[in-house]
Amino acid sequence: MVRSRVLQLQKGGNFRELGGYQTIDGHTIKWHKIIRSGKLGNLTDQDVSYLNNYGLKYDVDFRSPEEKAQAPDRIPQQTKYLFMPVFSTDETQNSKQTDYLQRKMESDPTTGRQQMHHVYQDIITNPHSQKAYRQFFDVLLENDVEQDTLLFHCTAGKDRTGMGAIFFLSALGVNEDTIKADYLLTNKVTKPVLEDLVKTLKLKNAPSAFIQSMRDLQSVQISFYNTAMEQIQKTSGDMPNYLHEYLNLSATDIHDLQRIYLE
């Protein structure tokens, strides 16, 4: 099968391979072993067949119970579905705005950006989120059959999924420039969707402050990444310590992850 960073599914958004990235010590992440994406509820039969042929054995869902109920995942029959909500409610507010937040967004263009900074701080400090990412690593460690592929996702595949990728790539020893580039790739992949949204909002004469907030809510920014890293520094000093102290990754876990995912 052709090796491609961005996977082209008919109704799947932000589907991306993590294979091919290099670690600081010169190893490479195996292709067809781990992919990240947005929601799976709209996948076509052809998309499901594509994932089946890809070897998909694990589907880790980071969404809230509400998001799951609104759009259940469509996956191949042999795929093991694992529900691990990073938040008990959808804090990323991608699909639904509270009345208060909507009013604030219409008057203050920084509202969306402030909301996202709060989300990233909460991902790092919230014990519920830490538990979900620890469970994610448990499944990553379970995925040790050579031809099996694991997928992890949320709704847009950018924030909860983005942090999952950051934790995973960091645990494998991928350099930070590569981790940042993978994180920011969301903006390139989802640009047409965002442009369509902005066009629709302008046609509806939405306030410019609201449009700017929606841009921030629907994209990733290096400042969001930096907010998470700053919170990790405050919490535990650095990423290795955070992975050990808050996600309970042992030296053996790190070694096993490298054995499973690197070549």
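Predicted model only: the values in this text are computed from it and were never measured.
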Does a sphere of radius 6.0 Å around NZ in Lys131 hold more than 12 heavy atoms from other residues, nucleotides or ligands, not counting ones at 6.0 Å or beyond?
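Check fails, neighbour count at 12 or below.
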Decide if atom CD of Gln147 counts as having more than 12 heavy atoms of other residues, nucleotides or ligands within a radius under 6.0 Å.
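Counting neighbours around CD of Gln147, 12 or fewer heavy atoms of other residues, nucleotides or ligands fall under 6.0 Å, so no.
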Geometric class of the Tyr54/His32 ring pair [parallel <30°, tilted 30-60°, perpendicular >60°]
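The rings of His32 and Tyr54 lie parallel, inter-plane angle below 30°.
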Taking the six-membered ring for Trp, are Phe83 and Tyr81 parallel (under 30°), tilted (30 to 60°) or perpendicular (over 60°)?
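Rings of Phe83 and Tyr81: parallel, as their planes differ by under 30°.
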Would the His117 and Phe224 ring centres measure less than 6.0 Å apart?
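Aromatic pair counts; centres sit under 6.0 Å.
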Taking the six-membered ring for Trp, are Phe167 and Tyr242 closer than 6.0 Å centroid to centroid?
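Yes, ring centres under 6.0 Å apart.
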Within 45° cone and under 6.0 Å: Arg5 NZ/CZ vs Tyr21 ring
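Ring-cation test returns yes.
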Same cluster or not: [X] versus [Y], using hydrophobic residues (I, L, V, M, F, W, Y) connected whenever any side-chain heavy atoms lie under 4.5 Å apart?
{"X": "Leu262", "Y": "Met239", "value": "yes"}
{"X": "Leu243", "Y": "Val139", "value": "yes"}
{"X": "Ile222", "Y": "Val119", "value": "yes"}
{"X": "Val189", "Y": "Ile35", "value": "no"}
{"X": "Phe210", "Y": "Leu194", "value": "yes"}

First locate atom [atom1] of [X], then atom [atom2] of [Y], and finally report the distance between them rounded to the nearest 0.5 Å.
{"X": "Asn14", "Y": "Lys39", "atom1": "CG", "atom2": "NZ", "result": "12.5 Å"}
{"X": "Leu249", "Y": "Ser170", "atom1": "CG", "atom2": "OG", "result": "10.5 Å"}
{"X": "Thr23", "Y": "Asn175", "atom1": "OG1", "atom2": "CG", "result": "9.0 Å"}
{"X": "Asp45", "Y": "Lys11", "atom1": "CG", "atom2": "NZ", "result": "13.0 Å"}
{"X": "Leu217", "Y": "Gln115", "atom1": "CG", "atom2": "CD", "result": "6.5 Å"}
{"X": "Asp47", "Y": "Asn42", "atom1": "CG", "atom2": "CG", "result": "9.5 Å"}

Apply side-chain contact (heavy atoms from CB on, under 4.5 Å) to the pair Gln258 and Leu172, showing each step before the final yes or no.
CA-CA 6 Å; Gln258 291 170 340; Leu172 290 183; 4.1 Å; yes
[X] side chain vs [Y] backbone, donor-acceptor pair below 3.5 Å:
{"X": "Arg113", "Y": "Asp216", "result": "no"}
{"X": "Asn52", "Y": "Ser49", "result": "no"}
{"X": "Ser250", "Y": "Asp253", "result": "yes"}
{"X": "Glu263", "Y": "Ile29", "result": "no"}
{"X": "Arg36", "Y": "Gly164", "result": "no"}
{"X": "Thr161", "Y": "Lys158", "result": "no"}
{"X": "Asp144", "Y": "Ile260", "result": "no"}
{"X": "Lys202", "Y": "Ile211", "result": "no"}
{"X": "Thr186", "Y": "Val220", "result": "no"}
{"X": "Lys33", "Y": "Asp148", "result": "yes"}

Which heavy-atom pair separates [X] from [Y] by the least distance, and what is that distance?
{"X": "Gly112", "Y": "Ser213", "result": "N-OG, 3.0 Å"}
{"X": "Arg215", "Y": "Ser219", "result": "O-OG, 2.7 Å"}
{"X": "Leu247", "Y": "Arg134", "result": "O-CD, 2.7 Å"}
{"X": "Ala228", "Y": "Met163", "result": "CB-SD, 3.9 Å"}
{"X": "Gln121", "Y": "Thr227", "result": "CG-CG2, 3.5 Å"}
{"X": "Pro65", "Y": "Pro85", "result": "CD-CB, 4.3 Å"}

Do [X] and [Y] touch side chain to side chain, with heavy atoms closer than 4.5 Å?
{"X": "Ile123", "Y": "Phe87", "answer": "yes"}
{"X": "Gln135", "Y": "Leu82", "answer": "no"}
{"X": "Asp159", "Y": "Val86", "answer": "no"}
{"X": "His244", "Y": "Ile254", "answer": "no"}
{"X": "Thr178", "Y": "Leu169", "answer": "no"}
{"X": "Glu245", "Y": "Thr235", "answer": "no"}
{"X": "Leu151", "Y": "Phe15", "answer": "yes"}
{"X": "Glu230", "Y": "Asn226", "answer": "yes"}

Passes side-chain contact (heavy atoms from CB on, under 4.5 Å), Tyr50 versus Leu43? Steps please.
CA-CA 10 Å; Tyr50 177 93; Leu43 297 188; over 6 Å; no
So among Arg63, Lys68, Lys80, which one has a salt bridge (Lys or Arg N to Asp or Glu O under 4.0 Å) with Asp73?
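Looking at Arg63, Lys68, Lys80, the match for Asp73 under the salt bridge (Lys or Arg N to Asp or Glu O under 4.0 Å) is Arg63.
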Between [Y] and [X], is there a side-chain donor-acceptor contact under 3.5 Å, judged purely by atom types and distance?
{"X": "Arg160", "Y": "Ser129", "result": "no"}
{"X": "Tyr120", "Y": "Gln221", "result": "no"}
{"X": "Thr44", "Y": "Gln10", "result": "yes"}

For Asp256, is there an ion pair with Arg259 - N to carboxylate O distance below 4.0 angstrom?
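A salt bridge links Arg259 with Asp256.
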Among Tyr133, Phe152, Tyr183, Tyr261, find the one that has a ring pair (Phe, Tyr, Trp, His ring centres under 6.0 Å) with Phe168.
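Checked Tyr133, Phe152, Tyr183, Tyr261 against Phe168; only one passes ring pair (Phe, Tyr, Trp, His ring centres under 6.0 Å): Tyr261.
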For Asn143 and Ile34, run side-chain contact (heavy atoms from CB on, under 4.5 Å): C-alpha distance rounded to whole Å, both residues' side-chain angles, the deciding distance at 0.1 Å, then the answer.
CA-CA 9 Å; Asn143 182 33; Ile34 182 165; 5.6 Å; no
Residues which pass ring pair (Phe, Tyr, Trp, His ring centres under 6.0 Å) with Tyr58, listed by chain and number, not counting sequence neighbours
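Applying ring pair (Phe, Tyr, Trp, His ring centres under 6.0 Å) to Tyr58 gives none.
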Output, in order, the C-alpha distance, side-chain angles, deciding distance and verdict of side-chain contact (heavy atoms from CB on, under 4.5 Å) for Met214 and Met105.
CA-CA 8 Å; Met214 287 302 294; Met105 286 169 61; 3.4 Å; yes
